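Below you'll find the structure, written out as structure tokens, and then a few comments.
Whatever order the structure lists them in is the order used to number ligands and atoms, beginning at 1. Note that the structure is predicted; figures quoted are calculated from it, not measured.
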Amino acid sequence: MSESSIFTRILEGEIPSEIIAETENVFAIRDIAPQAPVHLLVIPKDAQYRNVVELAGGDPALLTEMIGLAGTLAAEHGDGDFRLIFNTGAGAGQTVFHVHAHVLSGGLEEGRLGG
Ligand code: AMP
């Protein structure tokens with residue numbers, strides 16, 4: 001058995017972090033090192049998918065549920081506009097290999113992607 005991910009340990013209360021939203025399958029926390037005024041992480045409770053490509057192939061309904069919660073939280077915690085980021089692979093900056101979506105909202109006009 002591999003060690004539990006940091007997110008599983010948060011979900012199980014082993015590491016302190018406020019769970020700001022929770023459904024049967026998904027939960028959300030604030031990122032400990034925010035990159036925007038609102039920076040949340042939306043995470044499936046099931047840790048089996050290491051990244052969004054595995055998740056999309058294995059359980060697309062769960063990915064859809066994550067995106068729905070991201071939208072709800074962006075409206076509750078920000079102005080409803082948000083950037084959704086799935087770092088995929090160490091070379092892209094992924095450090096936790098338990099799939100999670102970064103939800104960034106507020107102050108994103110500067111440095112936007114796509115020119
Ligand atoms: P990634 O680099 O895409 O794998 O994202 C992992 C994210 O988890 C980073 O943005 C970290 O700041 C965040 N993180 C790590 N530990 C914690 C923690 N204990 N509570 C909240 N966020 C965390």
Ligand 1 atoms in contact with [X] (distance to a heavy atom under 4.0 Å):
{"X": "A33", "answer": "12 (O)"}
{"X": "I10", "answer": "18 (C), 19 (N), 20 (N)"}
{"X": "V96", "answer": "4 (O), 6 (C)"}

Practice item. Determine, using heavy atoms of F7 and all atoms of ligand 1, whether some pair is separated by less than 4.0 Å. Key: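 Heavy atoms of F7 do come under 4.0 Å of ligand 1.
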Check your understanding: R30: heavy atom below 4.0 Å from ligand 1, yes or no?
Key ->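 The answer is yes: ligand 1 sits under 4.0 Å from a heavy atom of R30.
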**Study point:** Short side-chain donor-acceptor distance under 3.5 Å, E12 and S4
**Key:**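 The answer is no; no qualifying pair exists.
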Exercise for review: Determine whether L104 and V38 make a side-chain contact, defined as any pair of heavy atoms from C-beta on separated by less than 4.5 Å.
Suggested key: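 No; the side chains remain at least 4.5 Å from each other.
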Review point. Is I43 reachable from I20 through a run of I, L, V, M, F, W or Y residues, each pair having side-chain heavy atoms under 4.5 Å apart?
Key: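 They do not share one cluster, since no chain of ILVMFWY contacts under 4.5 Å joins I20 to I43.
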**Study point:** Cluster link F97 to V42, ILVMFWY, side chain under 4.5 Å
**Key:**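 Looking at the clustering, V42 is in a separate group from F97.
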Practice item. Examine H100 together with H102 and report whether their ring centres are nearer than 6.0 Å. Key: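 For H100 and H102, the ring centres are under 6.0 Å apart.
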Under 3.5 Å between any N/O of [X] and any N/O of ligand 1: does that happen in this structure?
{"X": "H102", "result": "yes"}
{"X": "L41", "result": "no"}
{"X": "H100", "result": "yes"}
{"X": "I29", "result": "no"}

Review point. Counting only N and O atoms by type, is there a donor-acceptor contact under 3.5 Å from the side chain of H39 to the main-chain atoms of I32?
Key: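 Answer holds: no.
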Exercise for review: With heavy atoms only and a cut-off of under 4.0 Å, state how I85 meets ligand 1: side chain, backbone, both or neither.
Suggested key: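 The answer is neither.
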**Study point:** Which segment of T95 sits under 4.0 Å of ligand 1 when only heavy atoms are counted
**Key:**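 Under 4.0 Å from ligand 1, T95 contributes backbone and side-chain atoms.
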Review point. So, K45 and E24, do they make that salt bridge, N to O below 4.0 Å?
Key: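 Result for this pair is no, no salt bridge flagged.
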Practice item. In sequence, state the C-alpha distance, the side-chain angles, and the governing distance for L41 and F27, and then conclude on side-chain contact (heavy atoms from CB on, under 4.5 Å). Key: CA-CA 8 Å; L41 300 173; F27 67 105; over 6 Å; no
Review point. Where do M66 and V26 come nearest, in terms of heavy atoms and distance?
Key: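 The answer is CG-CG2, 4.2 Å.
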Nearest-neighbour protein heavy atom for [atom], which is reported as residue plus atom name and distance:
{"atom": "atom 23 (C) of ligand 1", "result": "I32 CG2, 3.5 Å"}
{"atom": "atom 7 (C) of ligand 1", "result": "D31 OD2, 3.5 Å"}
{"atom": "atom 16 (N) of ligand 1", "result": "I6 CD1, 3.5 Å"}

